Peer 1: 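Structure in structure tokens, see below.
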Amino acid sequence: MSPVRRCSRTACGRPAVATLTYVYADSTAVLGPLATYAEPHCYDLCAEHSERLTAPRGWEVVRLSDPSAPTRPSGDDLEALANAVREAARPQDRGDGPRGGGPRTADPMEVARRGHLRVLRSPDS
Ligand SMILES: [Zn+2]
């Protein structure tokens with residue numbers, strides 16, 4: 001009587017080939033060989049789900065089962081990268097606006113005021 005280990009993902013009944021362990025202290029998800037017994041923070045995954053595995057933001061995935069497999073950037077990684085680029089670009093856009101437009105609009109106003117004062121003075125003198 002050997003219980004068949006199956007993928008822990010909902011609606012996936014494929015046999016598990018790897019075990020995912022969350023190491024909360026290190027924010028690391030370790031994907032390794034199928035564990036011999038189930039543990040609270042372990043999730044059995046089938047081949048497909050272990051390959052598709054993506055870690056939550058700020059977490060690192062360590063794959064022990066298949067070191068030869070190339071680690072391609074996942075969608076989450078690309079999205080995080082895109083967000084980081086956007087965050088970095090935002091302050092520059094805001095800074096250029098006031099810096100470029102401020103002095104240019106202030107100087108003509110100064111000149112106009114001076115000219116207006118001169119015009120008021122000229123009738124007096
Ligand atoms: Zn699965």
Side-chain angles (χ1 to χ4, degrees):
M1 235 183 112
S2 59
V4 180
R5 301 283 287 273
R6 295 195 180 277
C7 181
S8 60
R9 293 294 164 100
T10 320
C12 180
R14 283 184 278 260
V17 298
T19 296
L20 178 67
T21 307
Y22 285 108
V23 185
Y24 288 92
D26 297 331
S27 292
T28 304
V30 181
L31 189 67
L34 197 61
T36 48
Y37 58 93
E39 286 176 313
H41 297 306
C42 290
Y43 302 90
D44 293 339
L45 295 176
C46 66
E48 190 178 335
H49 277 123
S50 61
E51 202 173 296
R52 278 199 214 156
L53 173 72
T54 56
R57 183 168 294 186
W59 281 62
E60 198 179 346
V61 178
V62 177
R63 295 168 188 271
L64 302 177
S65 58
D66 197 359
S68 62
T71 48
R72 292 167 298 178
S74 67
D76 286 350
D77 287 341
L78 290 173
E79 193 186 335
L81 183 65
N83 286 335
V85 169
R86 270 183 235 127
E87 287 290 332
R90 256 179 228 149
Q92 284 176 6
D93 286 347
R94 279 176 194 161
D96 282 352
R99 249 182 256 148
R104 272 177 214 158
T105 52
D107 283 342
M109 279 172 74
E110 287 284 321
V111 170
R113 270 178 211 160
R114 278 175 205 149
H116 187 60
L117 284 172
R118 273 175 207 156
V119 169
L120 284 174
R121 270 175 200 165
S122 47
D124 286 340
S125 59

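We count ligands from 1, going down the list as the structure has it; atoms in each ligand are counted the same way. Values in this document were obtained by computation on a predicted structure and should not be read as measured data.
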Peer 1: R52: which residues meet the salt bridge (charged side-chain N to carboxylate O under 4.0 Å, His left out) condition with it, sequence neighbours left out?
Peer 2: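 Here the qualifying residues are E48.
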Peer 1: Measure across L64 and G32 and return the closest heavy-atom pair with its distance rounded to 0.1 Å.
Peer 2: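 It is CB-CA, 3.9 Å.
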Peer 1: Which atom names give the shortest non-hydrogen contact between L31 and S50, and what distance separates them?
Peer 2: CD2-O, 3.4 Å
Peer 1: Where the side chain of S27 meets the backbone of W59, is there a donor-acceptor pair that is under 3.5 Å apart?
Peer 2: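 A pair under 3.5 Å: no.
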Peer 1: Could you state whether L34 and V17 fall into the same hydrophobic cluster, counting links through intermediate Ile, Leu, Val, Met, Phe, Trp or Tyr residues with side-chain heavy atoms under 4.5 angstrom apart?
Peer 2: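 No, L34 does not connect to V17 through the hydrophobic network.
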Peer 1: Hey, is the main chain of A35 close enough, under 3.5 Å, to the side chain of R5 for a donor-acceptor pair?
Peer 2: yes
Peer 1: What is the total of protein N/O/S atoms that are closer to the Zn ion (ligand 1) than 2.8 Å?
Peer 2: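 Number of qualifying protein atoms: 4.
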